[in-house]
Amino acid sequence: MIAIIKQGVQKNQIDTLVQWLENQNLTVHISNGEFTTILGLVGDTTKIDIELLENLDIVEKVKRISEPYKSANRKFHPQDSIIDVGGVKIGGGNFAVIAGPCSVESEEQIVEIAKKVKESGATLLRGGAFKPRTSPYDFQGLKADGLELLKIAKQETGMPIVTEIMNANHLELFDDVDLIQVGARNMQNFDLLKELGKTKKPILLKRGLANTMKEWLMSAEYIMSGGNENIILCERGIRTFETYTRNTLDLSAVPMLKELSHLPVIVDPSHATGISRMVKPMALAATACGTDGLMIEVHNNPQKALCDGAQSLTPDEFSDVMNSVSKIVEVMK
């Protein structure tokens, strides 16, 4: 349920209403727009008398929200959310590019790549320390050592770091991580999502391999219901019957999610296609359809990469992509 407040209402009047609603065992989210203030009511709203609420002098209108996701709903929060990740803003017209290798392999590797992607315009550095792999025999990442190497690359370049968490028990290790990634396989790991909801860290929530947008937003709701509203959604392709690409990149998710939710949406064309030569056209298409950013895998020697070399760009290829993407970003403004 949302209560739309009339223009010109004093703050103390709103505070009194909020206190009364909270006394009804409801959580109240306040969204202050340029012309409108909206109170989003989360909890058992069946006990609220809508007519009584609407008849209050300060209330313009009351609406029930039919969608099961509340905090992530644009009706609760009409303005775009802007997420600050270590000084880099994402959403609300702020475009960001996350780049780096699938896996951190060595200090030399991650520092070299970090410097090169920054030169080309990337604003955040990605690198896998804990790697979920389909085969138990594949490289699983350097784990805690990989996190330490990411921190070194951050010190060398000043770039905020992005890396994936696999287990809530690892949260203490992620104190210096600027953006915690929840991968596709963990999108519905609800115990993990609940723990992330207790933190204030920005969360990059990737879409599951075969999940609907509604299910994806409900996963975001798990995090937000715990108090953490710093969430960025990442479309990374879904599993379909097509086999020529690794997944099918659902670019329709970008404009649709922007209708449904206020959360920023970025696109990962690397995991979506699994083919390096497909990354550029999909990155350009994603930018043109209104994404708030891109996540691109870059490796200094893709042929010898320990993980996902086939979808990784070289630094020179990444520079070429960034040159084209920047032109579309300017047009979209």
**Report entry** Residue pairs passing the salt bridge (charged side-chain N to carboxylate O under 4.0 Å, His left out) test where at least one lies in residues 42-69, sequence neighbours excluded
**Finding:** Glu67-Lys75
Requested in this report: Before accepting this row, confirm whether a basic side-chain N of the pair Lys201/Asp175 lies closer than 4.0 Å to the acidic partner's carboxylate O.
Outcome: no
Query raised in the report: When rounded to the nearest 0.5 angstrom, what is the spacing between CD1 in Ile275 and CD in Gln311?
Result: 9.5 Å
Query - Lys/Arg N to Asp/Glu carboxylate O, Lys116 vs Glu119, below 4.0 Å - result: no
**Report entry** Verify same cluster id: Met256, Met282 (apolar side-chain graph, 4.5 Å)
**Finding:** yes
Query - Test log, rule side-chain contact (heavy atoms from CB on, under 4.5 Å), inputs Thr123 and Phe95 - result: CA-CA 9 Å; Thr123 44; Phe95 189 88; over 6 Å; no
Requested in this report: Any chance you could measure Leu39, atom CG, to Asn32, atom CG, to the nearest 0.5 Å?
Outcome: 8.5 Å
Report task. Before accepting this row, confirm whether a basic side-chain N of the pair Glu330/Lys327 lies closer than 4.0 Å to the acidic partner's carboxylate O. Result -> no
Requested in this report: Verify the distance criterion only: is there a donor paired with an acceptor across the side chains of Glu105 and His299 at less than 3.5 Å?
Outcome: yes
Query raised in the report: Taking side chain as C-beta onward, heavy atoms only, is Pro78 less than 4.5 Å from Ile38?
Result: yes
Report summary line: Separation between CD1 (Ile83) and CD1 (Ile90), nearest 0.5 Å, reads 8.0 Å
Report task. List the steps and the verdict of side-chain contact (heavy atoms from CB on, under 4.5 Å) for Leu249 and Glu235. Result -> CA-CA 8 Å; Leu249 180 56; Glu235 164 61 37; 3.8 Å; yes
Query raised in the report: Is the backbone N or O of Gly127 less than 3.5 Å from a side-chain atom of Thr163, with the two atoms forming a donor-acceptor pair by type?
Result: yes
Report task. Begin from the C-alpha positions of Asp176 and Leu147 and carry the test side-chain contact (heavy atoms from CB on, under 4.5 Å) through to its verdict. Result -> CA-CA 9 Å; Asp176 295 315; Leu147 293 176; over 6 Å; no
Query raised in the report: Quick one: CD1 on Ile161 to CZ on Phe174, what's the gap to the nearest 0.5 Å?
Result: 9.5 Å
Query raised in the report: Between Asp178 and Lys154, is there a salt bridge with N-O shorter than 4.0 Å?
Result: yes
Report task. State plainly whether the residues Arg126 and Glu297 are in salt-bridge range, i.e. N to O under 4.0 Å. Result -> yes
Report task. Working to the nearest 0.5 Å, report the span between OG of Ser71 and CD of Glu229. Result -> 6.0 Å
Requested in this report: Starting from the C-alpha separation in whole Å, work towards a yes-or-no answer on side-chain contact (heavy atoms from CB on, under 4.5 Å) for Leu209 and Ile238.
Outcome: CA-CA 5 Å; Leu209 299 173; Ile238 53 176; over 6 Å; no
Query raised in the report: Measuring from Asn73:CG to Leu260:CG, what's the distance to the nearest 0.5 Å?
Result: 7.5 Å
Requested in this report: Please name the pair of heavy atoms, one in Leu124 and one in Ala96, separated by the smallest distance, quoted to 0.1 Å.
Outcome: CD1-CB, 4.0 Å
Query raised in the report: Should the pair His29 and Phe76 be assigned to parallel (<30°), tilted (30 to 60°) or perpendicular (>60°) ring geometry?
Result: tilted
